[in-house]
Amino acid sequence: MGERTASDAESEGAWIPMFTLPLVDLDPKVVIEVPGLALVSADDARVRDLAQRHPRFATYLGAFTTEFGQAVTPSVLIRHSTSPETYRSVEALAGFRDAVALSVVPYAWALTLRHGAPLGIRYANWFNFYPWMTDQAYEVLLMRSMAQHGHHPLVEELKPQVLPGFAPMLITGQMVDRPLLDALLNRWQQRFGLSPPSHDQVALFRALNMAQAAAQAPGNVE
């Protein structure tokens with residue numbers, strides 16, 4: 001989805017969906033946003049506006065379920081069409097996601113260790129991107145992953161599911177290490193802004209990406 005381009009309407013100043021995160025939703029009071037990029041609930045006014053204007057995008061959003069067919073409200077990573085072009089890259093989008101994940105997962109482990117019981121989102125799997133997304137014209141589906149790319153002409157045929165064995169969770173303000181997240185998002189804007197990044201900025205987000213991978217659940221039933 002990092003290769004998506006803006007349509008004529010979007011070039012006038014609209015929000016563009018880049019990725020969905022099916023396993024997490026956001027409490028309306030939780031703001032995860034920098035100028036030009038935001039992680040929001042599907043109930044966010046900007047996403048609702050996109051769904052109203054593009055019926056196939058609404059169909060896409062409404063198709064997510066658990067493995068038992070229960071409806072899921074995914075969160076959506078959206079980019080504003082007037083944001084820097086550097087924000088479009090998969091590296092930038094993943095870096096934003098990594099900043100969020102690493103402000104939630106270690107905090108959950110700290111709470112778990114303090115209280116002696118599992119609390120919060122303790123693994124980064126909850127923050128995995130879903131690889132399928134509607135195209136720039138909201139007519140067909142495109143898939144982009146490290147393994148392969150894909151295309152499907154009928155949005156109505158998509159049956160998206162969350163990761164089996166992981167129940168969707170709501171992120172509340174109490175689950176986020178806010179000072180850390182604010183600091184990381186500030187660094188994210190420096191790293192992926194228009195100015196050439198410093199070595200330290202590049203190293204930070206490469207390290208965050210490695211930490212996000214290391215924070216995945218270590219195994220399944222095996």
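Because the structure is predicted, anything quoted here is derived from the model rather than measured.
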Exercise. Taking C-beta and beyond as the side chain, do Met143 and Gln148 meet within less than 4.5 Å on heavy atoms?
Worked result: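 The answer is yes, as the side chains (C-beta and beyond) meet within the 4.5 Å cut-off.
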Exercise. Heavy atoms, side chains only, cut-off 4.5 Å: are Trp15 and Val40 in contact?
Worked result: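 Sidechains of Val40 and Trp15: no contact.
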Exercise. What's the verdict on side chain to side chain contact (heavy atoms under 4.5 Å, CB included) for Trp188 and Leu37, showing C-alpha distance, side-chain angles and the deciding distance?
Worked result: CA-CA 11 Å; Trp188 184 90; Leu37 193 71; 3.5 Å; yes
For this session: Mind running side chain to side chain contact (heavy atoms under 4.5 Å, CB included) on Arg97 and Asn209 for me, showing each step along the way?
Result: CA-CA 9 Å; Arg97 182 276 314 277; Asn209 192 244; 4.2 Å; yes
For this session: Take His152 and Val140 through the test side chain to side chain contact (heavy atoms under 4.5 Å, CB included) and record every step on the way to the result.
Result: CA-CA 6 Å; His152 196 283; Val140 301; over 6 Å; no
Exercise. How far apart are the C-alpha atoms of Met175 and Ile121, what are their side-chain angles, what is the distance that settles it, and do they pass the side chain to side chain contact (heavy atoms under 4.5 Å, CB included) test?
Worked result: CA-CA 8 Å; Met175 299 168 70; Ile121 296 175; 3.7 Å; yes
Exceeds 12 heavy-atom contacts within 6.0 angstrom, atom [atom1] of [X]:
| X | atom1 | answer |
| --- | --- | --- |
| His149 | NE2 | yes |
| Arg178 | CZ | yes |
| Met169 | CE | yes |

Problem set entry | Among Phe127, Trp126, Tyr123, ring pair (Phe, Tyr, Trp, His ring centres under 6.0 Å) partner for Phe166 |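 Between Phe166 and the candidates, ring pair (Phe, Tyr, Trp, His ring centres under 6.0 Å) is satisfied uniquely by Trp126.
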Tell me whether [Y] is reachable from [X] by hopping between hydrophobic residues (I, L, V, M, F, W, Y) whose side-chain heavy atoms are closer than 4.5 Å.
| X | Y | answer |
| --- | --- | --- |
| Leu180 | Leu102 | yes |
| Leu119 | Ile171 | no |
| Leu23 | Met18 | yes |

Exercise. What about the rings of Trp132 and Phe19, do their centers lie closer together than 6.0 Å?
Worked result: no
Exercise. Do we get Arg187 above Phe205's six-membered ring, with its NZ or CZ under 6.0 Å from the centre and within 45° of the axis?
Worked result: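 No, Arg187 and Phe205 do not form such a contact.
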For this session: Tell me, with the steps shown, if Asn128 and Gln216 meet side-chain hydrogen bond (donor to acceptor under 3.5 Å, both in side chains).
Result: CA-CA 9 Å; Asn128 288 352; Gln216 300 278 319; 3.2 Å; yes
For this session: I would like to know whether Ser89 and Glu91 meet side-chain hydrogen bond (donor to acceptor under 3.5 Å, both in side chains); could you show each step before the answer?
Result: CA-CA 5 Å; Ser89 72; Glu91 183 181 6; 5.2 Å; no
Problem set entry | Minimal non-hydrogen separation, Pro74 against Pro22, with atom names | CB-CA, 3.8 Å
Exercise. Could you go step by step and tell me if Arg46 and Asp44 meet the salt bridge (charged side-chain N to carboxylate O under 4.0 Å, His left out) rule?
Worked result: CA-CA 5 Å; Arg46 292 164 289 189; Asp44 182 88; 2.9 Å; yes
Exercise. Step by step, would you call Ser75 with Asp25 a side-chain hydrogen bond (donor to acceptor under 3.5 Å, both in side chains)?
Worked result: CA-CA 5 Å; Ser75 56; Asp25 192 11; 5.9 Å; no
Problem set entry | Plane angle bin for Phe64 and Tyr60 - parallel if under 30°, tilted between 30 and 60°, otherwise perpendicular |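 Ring orientation, 0 to 90° scale: perpendicular.
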For this session: Kindly assign one of parallel, tilted or perpendicular to the pair Tyr138 and His54, based on the angle between their ring planes and the thresholds 30° and 60°.
Result: parallel
Exercise. Is a donor on one side and an acceptor on the other found under 3.5 Å between the side chain of Thr66 and the backbone of Gln70?
Worked result: yes
